[in-house]
There are 2 protein chains.
Amino acid sequence: MLEVATLAGVSVKTVSNVVNHYVHVSTATRVRVQSALDELGYRPNLSARSLRGGQSGLIALALPELDFPYFAELARYIVQAAEAHGWTVLIDQTDGRAEREKLVMDGIRDQLIDGVIFSPLVTGARELAARRDTTPMVLLGERVHHGTMDHVGIDNVAAAQTVVAHLATLGHTRIAAIGEQRHRRGETARLRLQGYLAGLENAGLPFDPTLVMAAASYHRADGAAAMTELLALGDPPDAVFCFNDMLAIGALRTLRDRGVRVPEDVAVVGFDDIEESSYSAPGLTTIRPDKARIASTSIALLAARLDGGGGPSRDVTERFDLVVRRSTASPS
Amino acid sequence: MLEVATLAGVSVKTVSNVVNHYVHVSTATRVRVQSALDELGYRPNLSARSLRGGQSGLIALALPELDFPYFAELARYIVQAAEAHGWTVLIDQTDGRAEREKLVMDGIRDQLIDGVIFSPLVTGARELAARRDTTPMVLLGERVHHGTMDHVGIDNVAAAQTVVAHLATLGHTRIAAIGEQRHRRGETARLRLQGYLAGLENAGLPFDPTLVMAAASYHRADGAAAMTELLALGDPPDAVFCFNDMLAIGALRTLRDRGVRVPEDVAVVGFDDIEESSYSAPGLTTIRPDKARIASTSIALLAARLDGGGGPSRDVTERFDLVVRRSTASPS
DNA sequence: TTGAAAGCGCTAACAC
DNA sequence: GTGTTAGCGCTTTCAA
């Protein structure tokens, strides 16, 4: 910047003014400085600017897994929404490991980052409440108790109820669930299970605990394994509600391999509506959270915190839809 | 840091020494400083550190699309490999748009970033050669001529030849290709097409231009559309080589909808071996680039540039495998 | 409208 | 083994 100033015959302050589009600069000076800028190929140093001003234009997005289609799609929307705000998104992959999530909470790379959007998998209400780092944070996913942190999510219980109601309407009576997580602290599984139970009750269907399968993680292989176990039951289900689409795709694979017809013998429903689910065989009925809105709301909440500062934490529930495809066509 | 120094009764230099694990610090001092550090909840300021030392510990990964499974999987490996080096990865999504890729080339956020791993879609040899930004850059994907930039990829031509040879061995004679890109400047499509042609020639099969389908982009929908066109041909193919797995999955969808049997009537092969391809119906035969090695090599090359500096540009070709699944079981 | 100088938090050189 | 000091590139008072 000093070089530029010298070349243009002005002070660094004037260069700074030009670079930052300060209004009170005479046109002549501006032009002169600008050409010096171009000639020298000047590029502002973000570190210095951030050190001085406290804003870096960087926000972090902390997700469990990048190659989890739901998160990849969400990340895409968030990157787009952030770009519209002039922010760059830095991605942290936590793998759902407690120590990685703790790093996010404690503020890795503090002061470098203006805000964080965090989708916790194992971090609970206690840790959240104990957070000391003051970087604005927006929480994604299931709601957990928290103080100053904003939150964006969907109503998991209602969504799961919707699924069960749909299956019951189609005449299914033995509806299994795949995705319970006994050993995880994440709330998502618990909420969807709760919705599942409520759905059964609403439909007047009995609850059979043997139809609830746990899933160590939510990958395709877990769904395939759980479905195998369900088929081995003396009295197998006539429908399966998987707590995400990956599980459902794994389940479909098992059913196909065993020659079980979908939806005639067993109907299958997922959750997330990843793109893959409209190409599966058969196409997968699923819950579609409004990812674009989740992303834009998260960014908007963060922006509000950065501009305005305080205020009570806000909790936004975005809409979801039930997308009906061939995997739950009428069974009759 | 000054506060910490005061509390511990030492100078800032000593605090810096402790923070940076400098060896020559007496244990007593170290302990004293450490407790002051903890008490005050000290966190180093990355901006300042980067401003001073010129290294931020941040590298950028510039990819076309995050929700493209191949890139998502690759990103995951790269984030992991980078983490092992103590680097954080910042992700740029270019959408394959020329102006976004140009930004990457010009060095958005210069000086903040220690290096860039860039997977160009539309940027060609000319732009690459004209690059002025000096941030170390590793190129991913097809090789294009370049000067000082390292490159990691696989042999696309050989891989495509392998696919065609495999199909020919199984007795297929009318082998179509989906994924030509007449309007794009990217080289990938061209190289795979070249391998396809070479493969036909090696197998002594005639080349029929009507069997080569263009794809505007490499999404599932493009593959589905291209397959529809192929089926409308008077003399349709008995095998299809799709230039990526997404196209192949779209093609499978079309075939399924039309009641065409795979592989009995038409065999299908993809490219990339994304996880989804082992769960498709039927499982997809495909080329598996060694993504983990591509990632670790990229990071290693970047690390070498950052440590060592100059030297001629290196070009690493990683291995690939043909993964045979049900979509190309013997047609007889 | 423009310039001079201070200082953001940190580390490297050098002195003690 | 530890302290002093200068300076990374920038923006922001404050003066001119």
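What's counted below: heavy atoms across the whole structure, side chains too, no hydrogens, waters or symmetry copies. Throughout, protein chains are lettered first and strands after them, A, B, ... in sequence-line order, and every chain is numbered starting at 1.
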> Which of the following nucleotides, C/dG9, D/dC10, C/dG3, is nearest to the side chain of A/Tyr42?
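Selected nucleotide (nearest to the side chain): D/dC10.
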> Round to a whole Å and report the spacing from CG of A/Leu46 to C1' of D/dC8.
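From A/Leu46 CG to D/dC8 C1': 15 Å.
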> Under 4.0 Å, counting only non-hydrogen atoms across every strand here, what does B/Val10 touch: a base, just sugar-phosphate, or nothing?
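Here B/Val10 touches the backbone only, sparing every base.
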> Roughly, in whole Å, what's the span from CE in B/Met1 to P in D/dT4?
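Spelled out: CE on B/Met1 to P on D/dT4 is 15 Å.
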> For C/dC8 and B/Asn45 - does any side-chain N or O of the residue sit under 4.0 Å from the phosphate oxygens OP1/OP2?
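Looking at the OP1 and OP2 atoms of C/dC8, neither is under 4.0 Å from any side-chain N or O of B/Asn45.
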> To the nearest Å, give me how far apart CG (A/Leu2) and P (D/dG9) are.
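A/Leu2 atom CG is separated from D/dG9 atom P by 10 Å.
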> Which nucleotide in the list D/dC10, D/dG1, C/dC10 gets nearest to the side chain of B/Thr29?
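The listed nucleotide nearest to B/Thr29's side chain is D/dG1.
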> Quick one: which of D/dT2, C/dG3, D/dT11 gets closest to the side chain of B/Val25?
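Closest of the options to the side chain of B/Val25: D/dT2.
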> B/His24 has a side chain; which of C/dT1, D/dG1, D/dT2 sits nearest to it?
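Shortest atom-to-atom distance from the side chain points to D/dG1.
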> In terms of relative ring orientation, are B/Trp87 and B/His85 parallel, tilted or perpendicular, with 30° and 60° separating the classes?
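If you compare the ring of B/Trp87 with that of B/His85, the planes turn out parallel.
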> Pick the closest DNA chain D nucleotide for B/Thr27 and for B/Val12 by heavy atoms, then say which residue is nearer the 5' end.
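Nearer the 5' end of the strand: B/Thr27.
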> From the set D/dT2, C/dC8, D/dT11, return the single nucleotide nearest to any side-chain atom of A/Leu51.
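Looking only at heavy atoms from C-beta outward on A/Leu51, the closest nucleotide is C/dC8.
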> Can you pull the side chain to side chain donor-acceptor pair (under 3.5 Å) pairs that have at least one residue in residues 51-62 of chain B, sequence neighbours excluded?
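Every side chain to side chain donor-acceptor pair (under 3.5 Å) pair that includes a residue of residues 51-62 of chain B, provided the two are not neighbours, is B/Ser56-B/Asp114.
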> If you define the side chain from C-beta out and look only at heavy atoms, does anything of A/Met1 sit under 4.5 Å from A/Ser16?
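Side-chain contact under 4.5 Å: yes.
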> From CZ of B/Arg52 over to P of C/dA13, roughly how many Å is that when rounded to an integer?
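Spelled out: CZ on B/Arg52 to P on C/dA13 is 8 Å.
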> Do the side-chain N or O atoms of A/Arg49 get closer than 4.0 angstrom to the phosphate oxygens (OP1, OP2) of D/dT11?
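Affirmative; the distance criterion is met.
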> So does A/Asn17 get a side-chain nitrogen or oxygen closer than 4.0 Å to the phosphate oxygens (OP1/OP2) of C/dT1?
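For C/dT1, OP1/OP2 do not have a side-chain N/O of A/Asn17 under 4.0 Å.
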> Atom OH in A/Tyr77, atom CD in B/Gln93: separation rounded to 0.5 Å?
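Going from the OH atom of A/Tyr77 to the CD atom of B/Gln93 covers 11.0 Å.
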> Between atom NE2 in B/His21 and atom C1' in C/dT11, what is the gap in whole Å?
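B/His21 atom NE2 is separated from C/dT11 atom C1' by 15 Å.
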> Could you tell me whether the side chains of A/Glu142 and A/His151 share a donor-acceptor contact shorter than 3.5 Å?
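Side-chain D/A pair, A/Glu142 to A/His151: absent.
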> Just so I know, are the side chains of A/Leu140 and A/Ser298 near enough to count as touching, which here means a heavy-atom distance under 4.5 Å?
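With C-beta onward as the side chain, the pair touches.
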> B/Ser16 side chain N/O closer than 4.0 Å to the phosphate oxygens (OP1, OP2) of C/dC10?
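Answer is no, no contact under 4.0 Å.
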> How long is the line joining CG of A/Leu40 and C1' of D/dG9, in whole Å?
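Rounded to the whole Å, the gap is 15 Å.
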> Does a side-chain N or O of A/Ser11 approach OP1 or OP2 of C/dA4 to a distance below 4.0 Å, or not?
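Indeed not, no polar side-chain atom of A/Ser11 lies that close.
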> Is there a side-chain contact between A/Tyr22 and the phosphate of D/dC10, meaning an N or O under 4.0 Å from OP1 or OP2?
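For D/dC10, OP1/OP2 do not have a side-chain N/O of A/Tyr22 under 4.0 Å.
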> How many whole angstroms separate atom CZ of A/Arg30 from atom P of C/dT2?
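Computing the A/Arg30:CZ to C/dT2:P distance gives 9 Å.
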> Are any of B/Ser26's side-chain N or O atoms less than 4.0 Å away from OP1 or OP2 of D/dT2?
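Yes, within the criterion.
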> Mind calculating the distance between CD (B/Glu3) and C1' (C/dC8) to the nearest angstrom?
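After rounding, the reported distance stands at 14 Å.
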